[in-house]
Amino acid sequence: MPYCFTFNGILPHLFNYRIDIIMLQNIPQFFTFLLNGILIGGMYSLFALGLAVIYGVFRVMNFAHGEFYMLGGYVAFFMWSLFGLPNLVGVLAAVGAMMLLGVVLERVFVTPMYEKGGEMYALIITFALSSIMWTSALLAFGPFHKALPYIFPGSVEIMGVIVGLDRLASFTVAVFAVAIFWIFIYRTSYGKAIRAVAHDKDVAALMGVNTDRIQMMTFGLAAGLAGAAGVLLSTTLILDPEIGQILIIKAFVVMVLGGMGSMRGALVGGILLGVTEALGSAYISTAYGNTFGFILLIVMLVIRPSGIFGYEMK
Amino acid sequence: MGFQVRLIRSEYFQTSSGELGMEKQRLLVTVAVIAIIGISSIAVVLFMSAPTEKTEVVIGALGPLTGPASYNGEEMLRGVRVAEAELNENGGVLGLPVRVPFEDTKSDLETAIAIIEKFKWDTKVDGITGFYHSGNILGATSKISEYQIPTVAPITWSDSVTSQMNDYIFRICPTNTLIVVAGSGQAAVNMGAERIAVMASLSDFGQTGADVFTQYVEDAGLEVVIRVDFDREAITFYTELALIQAENPDYLHVHSTGRSTMLIKKQMAELGMNFVMYSADGIIGDEAVVLDVMTEDEVEGATFATMYVPGTNATTETAPFVARYKAMYGDREPHYFALHMYDGVMALADSIERAGTTEPGAVVTALEALNLVGTRGRMEFTYTSANPPTNLTDPLDTLYWHQWTPPIMFLQWQVLGGNLTKVLIYPEALATGTLMETWT
């Protein structure tokens with residue numbers, strides 16, 4: 001009986017599965033795990049993308065990113081439960097609300113702290129904001145779990161693997177979001193201004209770029225992205241005040257894997273993390289699913305600390 | 001500054017050049033600071049140890065208000081608030097008002113132990129109820145014994161909580177063994193399940209419960225084809241469910257708590273896994289909660305054990321409790337966690353009243369003689385110091401030390417006539433339907 005594999009049992013089981021794959025006996029099952037890992041990775045990417053954008057401009061890890069995700073989900077939940085509005089309207093409302101909140105927090109807390117004490121101060125203030133936001137959400141909404149109704153109900157079979165349509169949709173959105181952002185950053189004048197601020201804020205200001213506005217809009221944009229992710233993923237995952245605290249850890253790992261401040265890295269890093277966790281769980285032990293991602297993180301830090309794509313905002 | 005110089009200027013501290021020796025100054029300051037701290041500490045200890053006249057009876061409560069089991073913690077909090085209000089309306093205990101401070105364990109053992117310390121030295125409780133996680137109460141057992149705090153555990157299910165035969169710990173809820181025997185194990189055996197899968201969270205509750213279930217069904221001649229363990233913080237289970245699906249089971253036993261059980265059922269439905277799924281966490285039996293997370297189709301087929309079914313009144317105390325709960329909270333039926341905690345507070349209050357004192361030894365003696373009608377039945381303990389277990393080496397006998405087990409019911413969500421309904425499967429004498437093994 002296959003069971004929670006202990007360390008002593010890893011090698012024989014790995015050997016057995018490797019033989020199975022070589023003998024083509026378990027290819028369908030391998031594909032199941034791989035596809036599930038890719039789709040889960042897409043979820044991570046969708047969540048991590050906004051974080052990558054903020055780091056790209058501010059060089060600051062935004063600890064409050066998970067709370068923008070969570071609050072975005074709640075905005076859509078209340079739109080649906082109180083007014084009966086569909087999730088697609090909820091996405092727009094979540095994006096708008098989180099952009100506004102992001103702009104306010106950036107103006108009032110993040111940038112002043114950044115100017116006062118640099119990246120460390122800004123990091124600390126985002127950590128404090130994260131605690132305040134999720135505690136406030138816990139008091140306001142209670143610990144009771146919620147979920148949003150499916151945007152695309154039902155499942156589809158892909159080469160023998162059953163996949164929920166919403167999961168497929170969130171992966172598709174993640175890919176498109178990265179593509180759109182990449183085009184925006186590298187093919188528009190506004191994107192050029194963002195890259196200029198990310199590269200050297202003072203020089204950008206001297207060149208006539210309104211750096212305050214760029215920072216404000218970037219933070220708001222990233223918060224809006226997180227809010228959208230909160231809606232799209234809350235149909236499949238559970239929504240509660242603490243969900244952001246769980247996902248932010250994944251996002252940090254994704255960023256390190258893909259490259260800090262890299263949008264392509266957010267996508268590839270997310271998929272890499274999802275696949276690693278899925279295959280590690282499937283072939284070594286489900287008990288240590290999260291551990292495999294951290295092992296990969298350590299390996300990446302050792303062999304390529306800049307991540308797969310490195311820092312891209314230049 | 002001048003005063004300080006005069007204070008320490010003496011021949012002893014002056015160097016040959018006439019200046020004050022810096023090292024000797026530092027030494028004097030250090031000694032002075034240590035002396036001040038030492039004297040203050042002694043004063044604090046003496047103050048805290050000094051007997052003071054009691055102005056209230058304090059029953060400490062603790063549970064997970066944050067973390068993966070926060071929903072359950074909220075219900076626990078509500079239960080103690082109902083008890084506290086009722087006791088004070090009826091004159092309190094020993095003629096004194098009752099206070100039930102509730103502390104958040106955050107589902108963390110170190111935090112739970114810190115709370116015990118606080119209850120002992122700061123809050124000065126006369127008894128404790130709560131915990132929720134068996135690992136928390138087991139880890140805190142030595143402190144409970146050291147501080148001699150009468151403790152009633154209303155929700156911790158590990159057999160060890162009572163089989164360890166601690167003098168100060170009492171339990172008024174099922175154990176893992178009993179809940180499995182009366183619930184999921186019985187269902188699997190009666191169904192004649194041929195291929196059983198087991199999922200368990202990496203927690204004290206998950207691991208011990210899954211072990212008990214596996215042992216029970218294997219002893220009954222059934223086969224467990226796969227066991228999958230998972231991190232209790234996990235939010236996606238597609239890999240785990242794919243592993244299970246590959247074994248083609250006809251019964252899934254999930255021993256976990258909090259959000260994971262609902263996510264597992266939800267993701268099972270997405271993957272088209274329509275066979276019996278038992279959730280050890282009674283949360284899946286709360287309609288108001290599950291329908292905020294899942295659709296009716298996704299909930300269908302989930303089975304669970306409970307000690308309270310809304311609309312049923314196990315005793316004369318059940319309906320008044322429910323009425324008071326709704327008057328205070330209004331939004332939903334109470335979950336059995338609330339009833340358990342209410343009974344925990346009432347058991348302690350009753351024992352303190354009968355003892356006529358809050359002295360721990362007397363309260364423990366009174367607890368051992370408990371004969372109180374609670375919301376789920378008449379609470380009295382099987383084995384006590386006056387009636388010890390007959391076989392001290394058999395954990396299935398010592399299990400009943402300071403143990404009272406409420407009636408256990410086994411239910412399944414079924415869609416009947418287009419309506420999602422909780423169908424009582426066991427005990428058969430009360431059954432309103434039969435177990436649905438598969439569905440489309």
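Order of the sequence lines fixes the chain letters, A, B, ..., with proteins taken first and strands second; residue numbering starts at 1 for each chain.
Between A:M43 and B:T236, the shortest heavy-atom contact is SD-CG2, 4.5 Å. The nearest pair of heavy atoms linking B:E270 to A:I162 is O-CG2, 3.5 Å. Closest heavy-atom contact between A:R167 and B:L271: NH2-CD2, 4.1 Å.
Between chain A and the residues B:S201, B:A200, B:G272, B:A242, the most heavy-atom pairs under 4.5 angstrom are made by B:A242. Top candidate by heavy-atom pairs under 4.5 Å with chain B, chosen from A:G164, A:P143, A:G154, A:P149, is A:P143. Each of B:Q245, B:E240, B:K266, B:E233 has some count of heavy-atom pairs under 4.5 Å with chain A, and the biggest count is that of B:K266.
Annotation: the span from A:L237 atom CG to B:Q267 atom CD amounts to 7.0 Å, rounded to 0.5 Å. Taken from CD1 in A:I243 to CD1 in B:I235, the straight-line distance is 4.5 Å, to the nearest 0.5 Å. Atom CD1 of A:I40 is separated from atom CZ of B:F237 by 10.5 Å, given to the nearest 0.5 angstrom. Rounded to the nearest 0.5 Å, atoms CG (B:L263) and CD1 (A:I238) are 4.0 Å apart. Note that CG of B:L202 and OH of A:Y288 are 7.0 Å apart. Values are rounded to the nearest 0.5 Å. Rounding to the nearest 0.5 Å places CD1 of A:I246 at 9.0 Å from CG of B:D231.
In this structure, chain B has a heavy atom under 4.5 Å from the side chain of A:D240, while its backbone stays farther away. With a threshold of 4.5 angstrom between heavy atoms, A:L247 approaches chain B through side-chain atoms but not through N, CA, C or O. Of the two parts of B:L291, neither the backbone nor the side chain holds a non-hydrogen atom closer than 4.5 Å to a non-hydrogen atom of chain A.
Residues B:T66 and A:W134 meet the side-chain proximity criterion, which asks for heavy atoms closer than 4.5 Å. For the pair A:T32 and B:Y238, the minimum side-chain heavy-atom distance is 4.5 Å or more.
Applying the side chain to side chain donor-acceptor pair (under 3.5 Å) rule to pairs touching residues 77-90 of chain A yields nothing, sequence neighbours excluded.
Residues that satisfy the side chain to side chain donor-acceptor pair (under 3.5 Å) test with B:Y71, not counting sequence neighbours, are B:D286.
Remark: B:E296 CD is packed, more than 12 non-hydrogen atoms of other residues, nucleotides or ligands lying under 6.0 Å away.
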